[in-house]
Enquirer: 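If you scroll down you'll find the structure; I have some questions about it.
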Amino acid sequence: MPHQRHHQQHIHRHLQTESGHQLQTQPSHQNGRHHHGGKDCRIGRTKDSDHCEVTFDTYLPVPKLSLGSASILIGVLSLVCYYNSCHGDFVFDDQEAVVGNKDLLPETPISNLFWNDFWGMPITRKESHKSYRPLTILTFKFNYYLSQGLHPWGFHAVNILLHTIISILSLILFSILFTDPHHNGRSMSLIFDEKPRASLVGAVIFATHPIHTESVAGVVGRADLLCALCFILSFLLYYSAIRKDCSGRFSWPRLCLSMVLCAASMFCKEQGITVIGVCSAYDIIAINRIHPLTILKFPFSGYHHHWHQQTTTDLNENVNKNITADYRWVRYLMQRQLVLCACAVFLLVLRLGVMGSGLPVFQPIDNPASFADSLVIRVINYVYIYALNAWLLLNPWWLCFDWSMGCVPLIDSFTDPRLLAPIVFLTCLTLLLYKCVCHPPGQDVRLLTMSLALIIIPFLPASNLFLRVGFVIAERVLYLPSIGFCMFLVLGLTRLCQNDSYRKIVRILLPVLIAVYISRCMHRNQDWNNEHALYTSGLQVCPLNAKVHYNVGKNAGDRGEIEQAISEYEKAIRLHPKYDQAMNNLANIIKDRGQEEEAEILLRKAVDIRPGFAAAWMNLGIVLTSLKKYEEAEMSYKTALQHKQAYPDCYFNLGNLYLDTNRHSDALAAWLNATSLKNKHARAWTNSAVLLETLVSCNGATWHGSGCMATSYQSDEHSCEGLGKQVYIV
């Protein structure tokens with residue numbers, strides 16, 4: 001007893017706070033945890049500094065709203081930003097992924113969605129883009145069913161609704177990220193009330209950020225929206241699973257449901273799998289308060305000895321040295337990390353198995369930096385692209401629907417002034433990481449670390465570090481990383497607002513920033529309303545982008561503006577001399593103007609550049625037929641069919657060639673192949689009927705015509721059946 005009293009007197013100490021007040025601490029022994037200054041400092045984890053922290057939320061010059069009022073405000077802002085995108089058409093990738101996708105048709109079985117890629121092509125084919133997003137296509141199919149057809153208004157309305165829901169959920173997400181996770185068992189409303197201003201500012205910036213216009217105003221951007229929705233829900237469930245008990249216990253059902261939502265996020269878009277990394281980082285950094293430096297030292301510094309030393313130090317500060325430390329949280333943490341790792345491995349193996357024939361194949365024009373011969377040049381250009389992505393988040397003014405083909409020229413010289421961008425980017429990133437790793441542990445360091453994790457981890461699939469991607473910059477892939485950027489921006493604003501002078505400036509500039517964001521969103525939505533406006537806006541941002549000129553030319557040709565179409569196609573070929581698609585389209589235009597020889601030259605060059613270009617082979621056959629080069633034309637058609645067997649238009653044109661050379665039986669066979677592949681191929685049916693009628697009307701040709709018809713059906717019975725099956729899965 002005297003010995004115990006001695007220790008009790010010893011631990012009654014006074015701690016000096018920053019404000020000069022003295023706080024008297026009392027011993028507390030609960031479940032093996034040692035509380036220092038009211039903070040949970042379990043053995044083996046880092047301890048915050050002992051001074052009292054004034055909540056940074058009070059510095060922000062914004063009103064304090066309830067969760068309900070804040071949710072209404074966020075919802076209204078989201079609708080205001082994007083309501084005018086409802087009037088848009090199907091543009092750019094919408095034409096292929098939605099309008100031309102047979103998987104949306106009612107007669108197509110839903111099971112096909114799980115065997116085809118995002119564009120409706122069997123994912124096991126080597127020509128497939130390998131984008132596997134069946135749940136996104138399922139929502140397109142549902143849209144088609146509700147509107148009884150391809151009416152863009154309904155598709156756009158669903159996108160706006162999804163972004164509104166995600167923005168409201170981001171309010172809850174920021175509330176969790178900004179608050180202390182060790183206050184367990186509370187409702188979301190109480191969690192929001194702890195940091196209402198910071199959560200509101202983060203959600204407002206997210207809801208109105210113009211970088212999201214491609215994902216919301218473009219119909220195919222639904223993949224990013226659905227991915228983000230399941231991503232956030234997965235994280236929220238993971239949080240609810242592990243916040244039940246300070247000792248580290250967690251809910252297995254909620255954890256498993258979180259992983260199911262992670263899989264759903266990945267099947268909406270591949271980026272969704274990164275929620276596993278975000279959950280892991282939050283569990284380690286925020287929940288268990290393990291300092292990043294401890295993680296970095298783990299493989300090198302005899303961690304068990306360090307842990308034992310830290311444990312002895314902590315126990316020396318307590319009155320009862322016989323208390324046994326509670327290490328159950330370590331076991332629970334390891335269990336959760338193993339579940340996350342197992343889920344990640346399973347989903348990656350499943351995803352690779354679905355692709356079948358291997359990784360997608362891209363061309364140098366899609367992502368020039370990844371094809372650079374020098375490793376140094378590749379790294380420099382990758383970092384430059386990262387810097388451009390960061391700049392788009394900071395200043396979302398120069399937005400473009402496509403950043404490939406010369407829009408971002410390679411840095412291939414050390415005298416290029418653009419080298420300054422990667423140097424500045426790496427310097428800033430290094431300083432931020434240094435603060436996260438080397439500064440003393442505290443809530444501000446943890447918040448900064450989580451904001452960087454939310455930026456970096458979701459961006460990894462687009463970073464070219466693991467797999468080559470088919471783009472240079474894509475604004476849509478910044479939808480998820482923008483959550484971390486908004487958190488980072490709020491942290492910066494709170495630091496500024498701690499100074500009275502800066503707080504006054506922020507009070508004025510923050511509403512101005514939000515107003516500018518809203519205005520920019522509404523203006524950018526108008527660009528996405530139709531292809532002419534979208535492609536023309538691209539010329540202002542990327543005048544050296546051959547693909548932008550190609551799309552402007554294609555749109556001009558569709559509108560009947562032939563001269564502009566020819567001019568834009570020529571510019572595209574001049575900027576990119578191996579642009580086979582531009583050559584093909586230009587050849588079609590000049591062929592119709594009677595310039596068959598020039599068209600032949602262009603098409604031969606196109607098939608030399610890309611031997612598997614089936615459309616160019618077919619068009620070359622058409623031109624050669626016009627030039628009476630029938631044997632070469634027939635070889636061109638057959639070459640096209642070798643590269644694309646299910647090609648009804650090619651069979652139709654081949655039938656026309658046979659008709660011109662009086663090979664009536666072969667003509668009927670070719671047209672029947674066209675109709676077997678495309679039952680509604682009206683021109684093939686018409687030509688077949690006219691030819692049969694002509695043959696029947698000829699003297700003595702009745703039996704021969706019937707025989708031709710019977711022979712055609714019999715000789716092509718097996719090939720038609722096979723081709724029919726190919727159409728079924730395409």
Side-chain angles (χ1 to χ4, degrees), residues 46 48-49 53 56-57 59-60 170 173-174 176-179 181 195 198-199 201-202 205-206 209 211 274 277-298 379-396 419-465 473 477-499 502 506 513:
T46 59
D48 292 342
S49 55
E53 296 181 354
F56 65 83
D57 190 74
Y59 293 121
L60 288 171
S170 73
L173 177 63
F174 286 123
I176 292 172
L177 294 172
F178 283 128
T179 55
K195 296 289 189 300
S199 305
V201 173
I205 295 173
F206 177 83
H209 203 293
I211 200 68
T274 58
V278 172
C279 290
S280 176
Y282 183 79
D283 198 348
I284 294 171
I285 296 168
I287 296 294
N288 290 282
R289 295 184 174 181
I290 299 176
H291 196 268
L293 188 59
T294 303
I295 301 173
L296 294 176
K297 287 181 177 180
F298 184 84
V379 171
I380 290 174
N381 282 276
Y382 286 162
V383 178
Y384 179 61
I385 292 170
Y386 304 157
L388 290 178
N389 280 279
W391 179 250
L392 287 176
L393 287 171
L394 284 169
N395 182 25
L419 274 173
L420 182 63
I423 292 173
V424 172
F425 176 80
L426 286 178
T427 301
C428 294
L429 182 61
T430 302
L431 292 174
L432 291 171
L433 292 177
Y434 177 82
K435 180 175 176 61
C436 294
V437 173
C438 298
H439 275 224
Q443 181 69 358
D444 58 338
V445 174
R446 284 193 292 271
L447 291 176
L448 177 61
T449 306
M450 278 308 304
S451 68
L452 293 179
L454 280 164
I455 295 174
I456 295 172
I457 295 175
F459 185 75
L460 287 176
S463 65
N464 287 291
L465 294 178
I473 295 174
V477 304
L478 295 176
Y479 193 89
L480 276 173
S482 66
I483 297 174
F485 169 77
C486 294
M487 183 179 178
F488 178 79
L489 190 58
V490 171
L491 293 176
L493 290 174
T494 55
R495 180 60 63 91
L496 287 175
C497 290
Q498 292 178 19
N499 182 288
Y502 290 144
V506 171
L513 175 67

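The structure displayed is predicted, hence computed values, not measured ones.
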Enquirer: Using side-chain heavy atoms (C-beta onward) and a distance below 4.5 Å, is L478 in contact with F485?
Expert: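 No, too far: nothing below the 4.5 Å cut-off.
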Enquirer: List for me each residue that meets ring-ring contact (aromatic ring centres under 6.0 Å, His included) alongside F459, sequence neighbours excluded, and say none if there are none.
Expert: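 Testing F459 for ring-ring contact (aromatic ring centres under 6.0 Å, His included), a comparison that skips the adjacent residues, returns Y386.
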Enquirer: Begin from the C-alpha positions of R495 and D444 and carry the test side-chain contact (heavy atoms from CB on, under 4.5 Å) through to its verdict.
Expert: CA-CA 10 Å; R495 180 60 63 91; D444 58 338; 4.1 Å; yes
Enquirer: Tell me every residue that passes side chain to side chain donor-acceptor pair (under 3.5 Å) with T449, counting only those two or more places apart in sequence or in another chain.
Expert: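 Here no residue qualifies.
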Enquirer: Which atom names give the shortest non-hydrogen contact between L448 and K435, and what distance separates them?
Expert: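 Minimum heavy-atom contact is CD2-CD, 3.5 Å.
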Enquirer: Under 3.5 Å, side-chain donor or acceptor atoms of residues 387-396 against the rest of the protein: list the pairs with distances, not counting sequence neighbours.
Expert:
| from | atom 1 | to | atom 2 | distance (Å) |
| --- | --- | --- | --- | --- |
| N389 | ND2 | I385 | O | 2.8 |

Enquirer: How would you list all residue pairs meeting ring-ring contact (aromatic ring centres under 6.0 Å, His included) that involve residues 425-458, not counting sequence neighbours?
Expert: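 Those involving residues 425-458 do not exist here.
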Enquirer: Measuring from atom CD of Q498 to atom CG of L493, what distance do you get when rounded to the nearest 0.5 angstrom?
Expert: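 Q498 CD to L493 CG: 11.5 Å, rounded to 0.5 Å.
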Enquirer: Mind checking what makes side chain to side chain donor-acceptor pair (under 3.5 Å) contact with N381, not counting sequence neighbours?
Expert: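 So N381 forms no side chain to side chain donor-acceptor pair (under 3.5 Å) with any residue.
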Enquirer: Considering non-hydrogen atoms only, spot the tightest contact between V445 and C436 and give its length.
Expert: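 Taking every non-hydrogen atom into account, CG1-O, 3.5 Å.
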Enquirer: L460: what forms a side-chain contact (heavy atoms from CB on, under 4.5 Å) with it, not counting sequence neighbours?
Expert: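 L460 satisfies side-chain contact (heavy atoms from CB on, under 4.5 Å) with I456, S463, L465, F466 once adjacent residues are dropped.
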Enquirer: Counting only heavy atoms from other residues, nucleotides and ligands, does the tally under 6.0 Å from OH of Y502 exceed 12?
Expert: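 Not buried by this count: 12 neighbours or fewer within 6.0 Å.
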Enquirer: So which atom in G484 and which in L454 form the shortest heavy-atom distance, rounded to 0.1 Å?
Expert: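 The answer is CA-CB, 3.5 Å.
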Enquirer: If you measure from CG on L491 to OG on S451, what distance do you get to the nearest 0.5 Å?
Expert: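 L491 CG to S451 OG: 5.5 Å, rounded to 0.5 Å.
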Enquirer: Among all residues two or more places apart in sequence or in another chain, which pass the side-chain contact (heavy atoms from CB on, under 4.5 Å) test with T430?
Expert: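 By the side-chain contact (heavy atoms from CB on, under 4.5 Å) rule, T430 matches no residue at all.
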Enquirer: Taking only residues two or more places apart in sequence, or in another chain, which ones meet S482 in a side chain to side chain donor-acceptor pair (under 3.5 Å)?
Expert: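 Result, side chain to side chain donor-acceptor pair (under 3.5 Å) vs S482: H212.
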Enquirer: Any side-chain heavy atom of T494 sitting closer than 4.5 Å to one from V201?
Expert: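 Sidechains of V201 and T494: no contact.
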Enquirer: Could you check whether any side-chain heavy atom of D283 comes within less than 4.5 Å of a side-chain heavy atom of N288, counting everything from C-beta outward?
Expert: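 Result yes, sub-4.5 Å side-chain heavy-atom pair found.
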Enquirer: Let me confirm one number: the CG-CD1 distance from L432 to I455, rounded to the nearest 0.5 Å.
Expert: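 So the CG of L432 and the CD1 of I455 are separated by 8.5 Å.
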Enquirer: State, to 0.1 Å, how close A453 and P458 come at their nearest heavy-atom pair, and which atoms those are.
Expert: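 Here A453 and P458 meet closest at O-CD, 3.6 Å.
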Enquirer: With side chains defined as the heavy atoms from C-beta onward, is the minimum distance between S170 and I483 less than 4.5 Å?
Expert: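 No - every pair of side-chain heavy atoms lies 4.5 Å or more apart.
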Enquirer: Nearest 0.5 Å, what's the CZ-CD1 distance between R446 and I287?
Expert: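 It comes to 10.5 Å.
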Enquirer: Can you name the nearest heavy-atom pair linking P422 to Y384, along with the distance?
Expert: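 That would be CD-CD1, 3.9 Å.
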Enquirer: For L426, enumerate each residue passing the side-chain contact (heavy atoms from CB on, under 4.5 Å) test, keeping only those at least two apart in sequence or located in another chain.
Expert: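 Applying side-chain contact (heavy atoms from CB on, under 4.5 Å) to L426 gives V383.
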Enquirer: Give me the atom names and distance for the closest heavy-atom approach of D57 to A198.
Expert: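 Shortest heavy-atom separation between D57 and A198 comes out as OD1-N, 2.6 Å.
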Enquirer: Output all residues satisfying side chain to side chain donor-acceptor pair (under 3.5 Å) with Y282, sequence neighbours left out; order by chain, then residue number.
Expert: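 Partners of Y282 under the side chain to side chain donor-acceptor pair (under 3.5 Å) test: none.
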Enquirer: Looking at OG1 of T179 and NZ of K195, how far apart are the two atoms once the value is rounded to the nearest 0.5 Å?
Expert: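 Interatomic distance, T179 OG1 to K195 NZ, rounded to 0.5 Å: 6.5 Å.
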Enquirer: Please name all residues satisfying ring-ring contact (aromatic ring centres under 6.0 Å, His included) with F174, sequence neighbours left out, ordered by chain then number.
Expert: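 Counting only residues at least two positions away or on another chain, F174 forms no ring-ring contact (aromatic ring centres under 6.0 Å, His included).
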Enquirer: Output the distance between atom CE (M487) and atom CZ (F206), rounded to the nearest 0.5 Å.
Expert: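 One gets 14.5 Å once the value is rounded to the nearest 0.5 Å.
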